[in-house]
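Down below is the structure, laid out as structure tokens.
Below, read A as the first sequence line, B as the second, and so on, with proteins coming before strands; counting in each chain starts at 1.
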Amino acid sequence: MTSYWLMKSEPGECSVDDVLAAPNATVPWFGVRNYQARNFMRDAMRVGDGVLFYHSSCAEPGIVGVARVASAPYPDPTQFDVKSPYFDAKSRREEPRWTLVDVQVLRKTRNLALPELRAHDALQDLVVLRKGNRLSITPVEARHWRILSKLLDHP
DNA sequence: GCCAACGTTGGC
DNA sequence: GCCAACGTTGGC
């Protein structure tokens, strides 16, 4: 059973174009330091799950690409790298605290931006549109995925 | 830069 | 376990 997700990335850190420029258009989703988001990657994601690639903390936040989960979960190497901003001194190699998956971008889309998302009644309860939502990874219901796929293809 | 909303920390 | 203080996220 395929599941669907929305994953936020700051384009200043890693944009959809950055991922497309990487080998196999695939990157490890490192740097997540929120337990709920980690648990989605560690416990719920499966290879092949659909991913909406979302740009946050930028001029025009919105969905900018379609991606897929491209690996099983594995430990985020940046947690052990003292030079990384994501270093976690409390994490031990025998028992890593932070887990990630690889994400492969399948295609770049137009920017389906927040105001347009909010304008659709059928998307009202999309998690990312909820007030105060800060979670960088959120589940997307199949019915929302279908609507969003169409919107991304047909402006 | 502002600020609402949320998560984490740590004293008790 | 409670909760105040603090830190972070992220749209605007």
Problem set entry | Residue A:R134, side-chain atoms from C-beta onward, closest of C:dC12, C:dT9, B:dT9 | C:dT9

For this session: For C:dT9, take OP1 and OP2 only and decide whether either is under 4.0 Å from a side-chain N or O of A:Y54.
Result: no

Exercise. Between A:Y86 and A:W29, does a ring-ring contact (aromatic ring centres under 6.0 Å, His included) hold up when you go through it step by step?
Worked result: CA-CA 12 Å; A:Y86 303 112; A:W29 206 259; over 10 Å; no

For this session: Rounded to the nearest angstrom, tell me the gap between atom CG in A:N39 and atom C1' in B:dG7.
Result: 14 Å

Exercise. Starting at CG of A:N133 and ending at P of C:dG11, how long is that distance when rounded to a whole Å?
Worked result: 9 Å

Exercise. Can you tell which of A:R97, A:R93, A:R92 makes a salt bridge (charged side-chain N to carboxylate O under 4.0 Å, His left out) with A:E95?
Worked result: A:R92

Problem set entry | Non-hydrogen side-chain atoms of A:M45 and A:S3 separated by less than 4.5 Å | no

Problem set entry | Rounded interatomic separation in angstrom, taking CD1 from A:I137 and C1' from C:dG10 | 16 Å

Exercise. With respect to the phosphate group of C:dT9, does any side-chain polar atom (N or O) of A:K8 fall under 4.0 Å of OP1 or OP2?
Worked result: no

Problem set entry | Distance in angstrom units between A:N34 CG and C:dT8 P, rounded | 14 Å

For this session: Using whole Å, report how far OH of A:Y86 lies from P of C:dT8.
Result: 12 Å

For this session: Would you please confirm or rule out a distance under 4.0 Å between OP1 or OP2 of B:dA4 and any side-chain N or O of A:K131?
Result: no

Exercise. Whole-Å distance between C:dT8 P and A:D88 CG?
Worked result: 14 Å

Exercise. To the nearest angstrom, how far is A:R33 atom CZ from B:dG7 atom C1'?
Worked result: 15 Å

Problem set entry | Nucleotide of B:dG7, C:dC12, C:dG10 approaching A:R118 most closely (side-chain heavy atoms) | C:dC12

Exercise. Expressed in angstrom and rounded to an integer, what is the separation of A:L6 atom CG from C:dT9 atom C1'?
Worked result: 15 Å

For this session: Please report the C-alpha distance between A:Y35 and A:W98 in whole Å, then the side-chain angles of each, then the deciding distance to 0.1 Å, and finally whether the ring-ring contact (aromatic ring centres under 6.0 Å, His included) criterion is met.
Result: CA-CA 8 Å; A:Y35 289 106; A:W98 304 109; 4.8 Å; yes

Exercise. Is it the case that A:R33 and A:T78 place a side-chain donor and acceptor less than 3.5 Å from each other?
Worked result: yes

Problem set entry | Per A:Y35 side chain, nearest of listed nucleotides B:dC6, B:dT8, C:dG11 | B:dT8

